[in-house]
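Scroll down for the structure; my scribbles are underneath it.
If you read the sequence from its start, that first residue is 1, and numbering goes on from there. Any value given below was found using the heavy atoms of this structure, including those in side chains, with hydrogens, waters and symmetry copies removed. These numbers come from a predicted model, not from an experiment.
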Amino acid sequence: MMHFAAGFWWLIFPLGGALGTGLRAIAVANERRAERRMERYRLKQQTKIAVAEASGRARANLDNGEHSRRELAKLIAAHDRTDAQWFDYEIDLAKLLDFPMMTDMRNPLTIAFHKAKRRADLLRPERPEDLAGDRSAQLEYRDAVHEYISAFEIAEAEAIRRRRSDFSEDEQQRIARAQHLLHLAQDEAATREERQNAYARATKELDGLIVLPAPARASIERRIARAIQA
């Protein structure tokens, strides 16, 4: 070996260069493999993040949709409750004649209440899901229902406060007589002639004072018609 090394020492330079080149090539290849592994890792992580974000958005959309449906259901229920309170005045004649302002369309508060009711009725969806995804329409309906409830409560409070005070003593007596006659017109123990006569007289007493709502008139007339048929 010593003799070989002494005779061919000059081979160290080309062999060393080749060896260095090979080592550098191996290092570069290892570096590239490491970069590829890192790139695959980054892509996997990005994919996981994208999937998680999409899932989060889907859950958020689902939660928002459910919240929107619950909110609309509550609004529709509030709308129905206020309708029921108003219908009491349309059907319960004793209540209507005690608080006649509720149907007096000359009163600004009554007019405001009926306008608010019409707007809420116009914007009301048939089903809560009909407004799903339309936040603007949901907010418009919400505001309309709140305005309707507020206008009704204000009008009712004023009607209760005033009762029949806007009428003269003679007019109040006419309303009281009409109230008694309307009770008789709905009394199933009365004869059909008594009921017909009572209804006609009540209508005459109220003429020029209070206009009976159509549902109230229809209800009385149906009862009288049944008595006649019987």
Side-chain angles (χ1 to χ4, degrees), residues 67-131 134 137-167 171-172 174-188 198-199 202-203 205-226:
H67 174 74
S68 176
R69 282 189 291 273
R70 286 198 300 268
E71 182 181 10
L72 281 169
K74 289 179 180 178
L75 284 171
I76 291 172
H79 193 159
D80 287 341
R81 284 194 299 272
T82 308
D83 278 347
Q85 290 176 285
W86 160 239
F87 291 151
D88 279 347
Y89 288 96
E90 288 195 311
I91 299 300
D92 188 341
L93 289 173
K95 188 174 183 179
L96 172 62
L97 295 179
D98 279 337
F99 312 110
M101 197 196 92
M102 291 302 290
T103 57
D104 184 0
M105 295 305 291
R106 295 169 300 179
N107 188 282
L109 293 178
T110 307
I111 294 172
F113 151 60
H114 282 279
K115 283 184 177 179
K117 173 175 168 52
R118 283 196 297 270
R119 182 168 181 266
D121 289 344
L122 179 64
L123 295 174
R124 174 176 177 150
E126 292 185 9
R127 301 168 301 174
E129 54 268 29
D130 290 343
L131 294 184
D134 191 341
Q138 292 173 20
L139 294 176
E140 189 176 17
Y141 177 57
R142 181 199 65 187
D143 293 343
V145 171
H146 290 172
E147 182 181 355
Y148 172 36
I149 294 171
S150 177
F152 174 81
E153 290 176 346
I154 291 171
E156 184 178 47
E158 184 63 11
I160 292 172
R161 186 185 71 82
R162 291 187 183 186
R163 295 182 71 87
R164 300 176 186 171
S165 62
D166 292 339
F167 297 92
E171 290 172 336
Q172 291 187 39
R174 286 173 59 187
I175 293 173
R177 287 195 296 269
Q179 202 167 26
H180 172 73
L181 290 166
L182 288 171
H183 279 303
L184 178 59
Q186 298 177 87
D187 186 357
E188 295 182 358
Y199 180 58
T203 303
E205 291 284 2
L206 294 175
D207 186 33
L209 297 179
I210 297 174
V211 177
L212 294 178
R217 294 198 306 271
S219 176
I220 295 173
E221 290 168 4
R222 279 196 302 269
R223 294 179 186 180
I224 294 174
R226 284 199 300 267

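The shortest side-chain heavy-atom distance between L96 and Q179 does not fall under the 4.5 Å cut-off. In this structure the side chain of T110 never reaches within 4.5 angstrom of the side chain of E158, judged on heavy atoms. Contact annotation: the side chain of E147 never approaches that of D143 to less than 4.5 Å [non-hydrogen atoms, C-beta and beyond]. Side-chain contact between I76 and P125 is present, with heavy atoms from C-beta onward closer than 4.5 Å. Counting heavy atoms from C-beta on, the side chains of Y199 and L184 never come closer than 4.5 Å.
In this structure, CG on D187 lies 10.5 Å from NE2 on H183, to the nearest 0.5 angstrom. Summarising the geometry, atom CD1 belonging to I210 is positioned 4.0 Å from atom CD1 belonging to I175; distances are rounded to the nearest 0.5 Å. Note that CE of M101 and CG of L109 are 5.0 Å apart. Values are rounded to the nearest 0.5 Å. How far CZ of R118 is from CZ of F113: 10.0 Å, rounded to the nearest 0.5 Å.
L97 and A178 make their closest contact through CD1-C, 4.4 Å (heavy atoms, listed as atom of the first residue, atom of the second, distance). The two residues Y141 and L75 make their nearest non-hydrogen contact at CE2-CB, 3.9 Å. Between A112 and A151, the shortest heavy-atom distance links the atoms O-CB, 4.1 Å.
Other residues, nucleotides and ligands contribute over 12 non-hydrogen atoms within 6.0 Å of the NZ atom of K95. Residue H114 places its NE2 atom among more than 12 non-hydrogen atoms of other residues, nucleotides or ligands, all under 6.0 Å distant.
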Give every donor-acceptor pair under 3.5 Å between a side-chain atom in residues 80-90 and any protein atom, sequence neighbours left out.
unit_1 : atom_1 : unit_2 : atom_2 : d
D80    : OD1    : R124   : NH1    : 2.7
D80    : OD1    : R124   : NH2    : 2.8
D80    : OD2    : R124   : NH2    : 3.4
T82    : OG1    : A78    : O      : 3.0
D83    : OD1    : K117   : NZ     : 2.9
D83    : OD1    : Y148   : OH     : 2.6
Y89    : OH     : E156   : OE2    : 2.8

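Of the possible donor and acceptor atoms, none in the side chain of S150 sits under 3.5 Å from a partner among the backbone N and O of H146. Within the 3.5 Å criterion, the main-chain N or O of D98 finds no donor-acceptor partner in the side chain of R163. Q172 places a side-chain N or O within donor-acceptor distance of the main-chain N or O of F167, the cut-off being under 3.5 Å.
Taking D104 as the reference, R106 meet the side-chain hydrogen bond (donor to acceptor under 3.5 Å, both in side chains) condition, with sequence neighbours excluded.
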Verdict with supporting geometry, K74 and V145, side chain to side chain contact (heavy atoms under 4.5 Å, CB included): CA-CA 11 Å; K74 289 179 180 178; V145 171; over 6 Å; no
Test log, rule side chain to side chain contact (heavy atoms under 4.5 Å, CB included), inputs F152 and M102: CA-CA 9 Å; F152 174 81; M102 291 302 290; 3.5 Å; yes
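Ion pair R174/E171 not flagged as a salt bridge, since none of the NZ, NE, NH1 or NH2 atoms sits closer than 4.0 Å to an Asp/Glu carboxylate oxygen.
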